[in-house]
Amino acid sequence: MKFSESLKKNKDFKNVYNKGKSYANSLFVMYIFPNGTEQNRIGVSISKKVGNSVVRHRLKRQIIECYRMSEESFQCGYDIVVIVRKGAQGSSYSRIESALFHLGKLHKIVSARQAQADTDIDII
RNA sequence: UAAGUAAGACAGGCAAUCGCGGCUGCAGGCGCCGAAAGGCAGCAGACGAGGAAAGUCCGGGCUUCACAGGGCAGGAUGCCGGAUAACGUCCGGUGGAGGUGACUCCAAGGCCAGUGCAACAGAAAUAAACCGCCCGGGCAGAUGGAUGGGGAUGCAGCGUCCCGUUCUUUGCUGUAUCCCCAUCCAUCUGCCCGGGUAAGGGUGGAAAGGCAGUGUAAGAGACUACCGCCUUCCUGGUAACAGGGAGGGCACAUGUAAACCCCAUCCGAAGCAAGACCAAAGAGAGGCAAUGUGGCUGCCCGUCACGUCUCAGGUAGGUCGCUCGAGCACGUCGGUAACGGCGUGCCUAGACAGAUGAUUGUCCAACGACAGAACCCGGCUUAUCGUCUUACUUAACAC
């Protein structure tokens, strides 16, 4: 990814949880915290309650892919942690995409033009 | 054609675009990050999850630690033979159970080494007379018979009294019938006592080998035939075992070892976060330099910290372990088979927060189940939408 890398250390996750701001909808909880660099770092956390290994892995890939496809829409300089809730089990790609932009808009890190486009899709 | 049995294969396909992972080449030396070890970045190429990758239930390799030898404890396995690196796996057989059959299933050593347990029911549960059957004795009753005694009546004889026409007393003896009593015997019934008996009864998972006959007071392996059991011999088989002969007449006498236990065989422990190597910082030891600077403290003494080099140690971090292996495919030979030998060809994920996704088009038996490698193998178990292939069985129809 051009502007981003993944968030890896448990320490980094805890830092974002403790100091960052969070918003949530029915599919995800999103924490963000400014990391003081030129890049975004994104991490995905999925509980075992959501499903078995295949289900969790697939959701993670879809979220990363969704972020990657529209990476340029996000403002840089943040650590982002997406926690997947149980309701996301079995969601389609389009629904994950709309939910992700909904949270990005609440955090005001998605550009207005992209956010405007996403309000057309309903968030349940 | 239908129903079924066994074995096996596949696990949505294709194309385009964007994206991910390590590998190979350009590549050697450059650029960037780092103290170092080492890592990162560019372009191109091919490759990139499973039959169960799962559960982590067994077995082995590998690694570190421990280890003279022996024993105890603990654990696992348990018909026989073979395969294998090994196994609780697989193959072939034996025995048993199920199915019309193809075929399937089986913790299948030992409770005549010991100990324990066996609810309820039942007379009694590892030892037994509750009922029943039979024998003997006693008591009571009934029936029948025999003997004896007594009484009544009839008859006969003799005697006696009255009488001498009639009427008629009484005794004794014999005999017949009836009644009563006693004793004995037989049969039956009831009760009691002593003994025999495990054939029958009902309970139970299990009641003292089964079943039929002989036999007996009644019964009983008491005896006999068949079956079972035990001992022993012969034959076949490597063996489990099978077939046959002879004997014992059945004692220990039931079940349970997935109860303790006994017997035989096997097992050192922990696991890739194993472990090996490189290696900042901090703390440690020694050498060298200096006699300095700073703090306690304004001064003296004292004390603490600060330099550099080497060593051991190994933290953060990094590299290796990490995928060429009991490997796969094909052929051939040996073997019933599991499997093994030989030959040829091939290289087929290797991450370390952990790579396969999205969109579009198209095809199908049409929305595709269960499910994601984590050191590697051999198995077992569990989950699973469906599709296909082969062999065989049964039934119906046709020929």
Side-chain angles (χ1 to χ4, degrees):
Chain A
M1 284 182 277
K2 282 182 266 182
F3 308 114
S4 309
E5 61 185 21
S6 62
L7 200 60
K8 293 181 176 176
K9 299 289 177 195
N10 194 29
K11 189 174 65 180
D12 296 333
F13 276 84
K14 281 190 172 163
N15 193 44
V16 177
Y17 292 150
N18 292 331
K19 298 182 182 171
K21 293 190 298 179
S22 71
Y23 284 101
N25 60 23
S26 65
L27 267 58
F28 308 125
V29 180
M30 184 186 278
Y31 283 81
I32 66 165
F33 182 68
N35 60 9
T37 68
E38 297 285 309
Q39 293 191 321
N40 279 344
R41 295 193 297 174
I42 183 161
V44 180
S45 172
I46 308 176
S47 163
K48 272 192 178 178
K49 290 182 216 166
V50 176
N52 62 25
S53 171
V54 175
V55 170
R56 296 198 305 272
H57 195 192
R58 182 179 170 85
L59 279 166
K60 182 188 163 189
R61 285 196 306 252
Q62 286 180 326
I63 290 162
I64 297 291
E65 174 70 11
C66 180
Y67 173 80
R68 188 186 67 78
M69 292 299 281
S70 49
E71 197 177 9
E72 61 274 6
S73 303
F74 286 83
Q75 294 174 14
C76 288
Y78 292 97
D79 283 349
I80 303 168
V81 174
V82 177
I83 297 168
V84 179
R85 311 180 79 177
K86 205 172 176 181
Q89 194 174 356
S91 298
S92 65
Y93 177 79
S94 61
R95 198 165 156 215
I96 289 167
E97 186 178 41
S98 61
L100 198 65
F101 279 119
H102 172 245
L103 289 171
K105 201 185 85 177
L106 289 174
H107 277 301
K108 299 186 173 59
I109 56 171
V110 175
S111 65
R113 180 178 53 79
Q114 185 65 47
Q116 185 62 41
D118 279 312
T119 47
D120 298 340
I121 303 163
D122 283 341
I123 308 299
I124 303 158

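Note on naming: letters A, B, ... go to the chains in the order of the sequence lines (proteins, then strands), and numbering restarts at 1 for each one. Treat the numbers as computed from the prediction; the structure is a model and nothing was measured.
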Counting Watson-Crick and G-U wobble pairs only, both distances under 3.5 Å, name the nucleotide matched with B/A125, or none.
none
How long is the line joining CD1 of A/I83 and P of B/A353, in whole Å?
20 Å
Provide the Watson-Crick or G-U wobble partner of B/A97, both distances under 3.5 Å; none if there is no partner.
B/U104
Using the P atoms only, state how far B/A52 lies from B/A76, rounded to an integer number of Å.
29 Å
C1' atom, B/A349 versus B/G21: distance in rounded Å?
9 Å
Return the NE2 to CZ distance between A/H102 and A/F28, rounded to the nearest 0.5 Å.
12.0 Å
What is the base-pairing partner of B/C260, counting Watson-Crick and G-U wobble geometry with both distances under 3.5 Å?
B/G114
If the P atom of B/G275 is compared with that of B/U64, how far apart are they to the nearest Å?
9 Å
Partner of B/G205 by Watson-Crick or G-U wobble geometry, both contacts under 3.5 Å, or none?
none
Does B/G154 pair with anything, Watson-Crick or G-U wobble, both distances under 3.5 Å, and if so, with which nucleotide?
B/U175
Across all strands shown, which nucleotide pairs with B/A3 by Watson-Crick or G-U wobble geometry, both distances under 3.5 Å?
B/U393
Assign B/G361 to syn or anti; the rule is syn for a glycosidic angle within 90° of 0 and anti otherwise.
anti
C1' atom, B/A206 versus B/C120: distance in rounded Å?
15 Å
P gap between B/G245 and B/C226, integer Å
10 Å
Among A/L106, A/L103, A/I83, which residue meets the side-chain contact (heavy atoms from CB on, under 4.5 Å) test with A/M30?
A/L103
Roughly how far apart, to the nearest Å, are B/A276 and B/C322 at atom P?
15 Å
What is the glycosidic conformation of B/U256: syn, defined as within 90° of 0, or anti?
anti
Which way is the base of B/U173 turned, syn or anti, if we draw the line at 90° from 0?
anti
Does B/G122 fall in syn (glycosidic angle within 90° of 0) or anti?
anti
Is B/G268 paired to anything, Watson-Crick or G-U wobble with both distances less than 3.5 Å, and if yes, which nucleotide?
B/C65
Tell me: CD1 of A/I63 to C1' of B/A358, nearest whole Å?
14 Å
Any strand, both distances under 3.5 Å, Watson-Crick or G-U wobble: B/C299 pairs with none
Could you classify B/G28 for me, syn or anti, using a glycosidic angle within 90° of 0 as syn?
syn
If I pick the C1' atom on B/G334 and the same atom on B/A6, what distance separates them, to the nearest angstrom?
28 Å
Taking B/U389 as the reference, what is the distance to B/U384 when you measure between their P atoms (whole Å, please)?
25 Å
